[in-house]
Amino acid sequence: MDAVEGRAGARVRQAWCDATGLRRLAEVLYAVRPVAVEFVARQVQVPASELGFCDWTGRTVEYHRAQIWEHLGVRECSVADAEKLTAYLAEHVAHKERRSEQVRVELLARCRAESIEPPTSGRCDRIVGAALRAAEESLTVLISSRLPVESVERIVALVVDADQDDAGPAGGGTEGEDAPPVLAKVKEAPGNVSLETMLTEIDKLLAVRAIGLPRDLFIDVAPKVVAGWRARAAVESPSRLRTHPVPLRVTLLAPCCTSGNA
């Protein structure tokens, strides 16, 4: 009976991998449809009910797994593979897509294309996280390198000047209340149309133009990535923004200081 169960289980695993691409074998038991089980059972001439007695853990399933991967030309994800996958995602995916769930989809697609067994869920999370961090670091270095020194100094001053507001007359001040006037202007939403808001927007436009950002600063950056930076800068206090490295700090604040935001 063990041989019969093993034959049925192994054939179902192989059929599932052939039909769906690279899925982790542990998912087979819960994902294979009954009609598929019955079809495979007829092919190997065993009752379909025997699949329920198949051992999905231990040495038998590992032996079947090795046979199936060899048949499909699939290899386990090594440390070198993980590093290459991270570099690929950082260069080709995470520069334009900042949502981790979508980067994960691209990771699994890349595994299929490279005939690599998909990593475990935890390892996928680590690869995706590393790719997102590497892409953000390279993007922020790129953006900050395009800025004139004077513009970088003016952007940095937006949050550096908040130190004075943090201290206040009695050395007090709390996070959320430390925004200097210029930073508060560029982060503030326009509001309803009125004479007052029009004058406020004019002041904001003058403040933005004084920073002197290049018009093509974000020319090759995906709009949704720029929008994400703007949204992040809008919700972070100056105290928090000051903790970031200068390239990241100016990259987050730069979208708030463009004429299109005024």
Side-chain angles (χ1 to χ4, degrees), residues 21-22 75 77-156 158-159 183 186-187 208 211-238 240-262:
L22 302 182
R75 66 182 185 276
C77 184
S78 65
V79 173
D81 287 327
E83 292 175 350
K84 290 179 181 178
L85 289 168
T86 301
Y88 171 83
L89 293 173
E91 181 178 356
H92 299 285
V93 179
H95 271 78
K96 299 179 180 179
E97 179 56 71
R98 303 299 299 168
R99 293 173 297 176
S100 59
E101 62 273 13
Q102 292 302 315
V103 177
R104 186 188 184 97
V105 169
E106 295 297 329
L107 167 61
L108 297 179
R110 186 65 177 177
C111 286
R112 287 193 292 271
E114 295 292 325
S115 296
I116 299 173
E117 180 184 5
T120 61
S121 178
R123 197 176 185 192
C124 280
D125 291 341
R126 291 191 292 273
I127 292 173
V128 169
L132 288 169
R133 288 191 296 273
E136 180 178 80
E137 182 177 351
S138 64
L139 277 173
T140 57
V141 170
L142 174 65
I143 296 301
S144 61
S145 68
R146 292 175 176 174
L147 292 169
V149 175
E150 296 81 3
S151 295
V152 172
E153 292 175 349
R154 290 166 186 155
I155 294 175
V156 170
L158 294 177
V159 290
L183 184 58
V186 300
K187 292 172 66 172
V208 163
I211 294 175
L213 299 184
R215 288 184 175 273
D216 59 350
L217 180 60
F218 303 113
I219 190 170
D220 54 355
V221 182
K224 60 182 177 182
V225 173
V226 179
W229 289 335
R230 182 183 295 113
R232 182 174 170 184
V235 298
E236 289 192 3
S237 69
R240 173 61 179 166
L241 288 167
R242 285 195 300 272
T243 65
H244 298 313
V246 171
L248 176 56
R249 197 185 316 167
V250 299
T251 300
L252 292 178
L253 287 168
C256 299
C257 301
T258 58
S259 298
N261 193 55

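For Arg242 (side chain) and Val159 (main-chain N/O), a donor-acceptor pair under 3.5 Å exists by modelled atom type. A donor-acceptor contact shorter than 3.5 Å links the side chain of Arg123 to the backbone of Cys77. Remark: side-chain polar atoms of Arg75 are paired, donor with acceptor, to backbone N or O of Glu114 under 3.5 angstrom. The backbone N or O of Gly212 sits less than 3.5 Å from a side-chain atom of Ser151, completing a donor-acceptor pair. A donor-acceptor contact shorter than 3.5 Å links the side chain of Arg146 to the backbone of Leu217. Within the 3.5 Å criterion, the main-chain N or O of Ser78 finds a donor-acceptor partner in the side chain of Asp81.
What you find for Leu213 and Ala254 is that their closest heavy atoms are CD1-O, 3.3 Å. Listed here is the closest heavy atom pair of Ala135 and Ala90: CB-O, 3.6 Å. Across Leu142 and Ser145, no two heavy atoms sit closer than the pair O-OG, 2.6 Å. Minimum interatomic distance between Cys124 and Leu107 (heavy atoms only, all atoms of both residues): SG-CD2, 3.8 Å.
Using a 4.5 Å cut-off on side-chain heavy atoms (C-beta onward), Arg110 and Lys84 make no contact. Between Pro148 and Pro214, some side-chain heavy-atom pair lies under the 4.5 Å cut-off. Side-chain contact between Arg104 and Asp125 is present, with at least one heavy-atom pair separated by less than 4.5 Å. A heavy-atom distance below 4.5 Å is not found between the side chains of Leu241 and Leu158. Within the 4.5 Å cutoff, no side-chain heavy atoms of Val246 are placed close to those of Ser144. In this structure, the side chains of His95 and Leu139 come closer than 4.5 Å at one or more pairs of heavy atoms.
Side-chain atoms of His244 and Thr251 form no donor-acceptor pair, as typed in the model, at a separation below 3.5 Å. Using modelled atom types and a 3.5 Å distance limit, the side chains of Arg126 and Thr120 yield no donor-acceptor pair.
For the atom pair CZ (Arg154) and CD1 (Ile211), the distance works out to 8.5 Å, reported to the nearest 0.5 Å. In this structure, CD in Glu97 is found 9.0 Å from CG in Leu132, a value given to the nearest 0.5 Å. Considering NZ of Lys224 and CZ of Arg98, their distance stands at 11.0 Å, rounded to 0.5 Å. Once rounded to the nearest 0.5 Å, the distance linking CG of Leu108 with CD1 of Ile116 reads 11.5 Å. Atom CD1 of Ile155 and atom CG of Leu147 lie 5.0 Å apart (nearest 0.5 Å). Here the straight-line distance linking atom OG1 of Thr140 with atom CZ of Arg249 works out to 12.0 Å at 0.5 Å rounding.
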Take Arg133 and Thr86, measure what side chain to side chain donor-acceptor pair (under 3.5 Å) needs, and give me the verdict at the end.
CA-CA 10 Å; Arg133 288 191 296 273; Thr86 301; over 6 Å; no

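In Gln102, the CD atom is crowded: over 12 heavy atoms of neighbouring residues, nucleotides or ligands sit closer than 6.0 Å.
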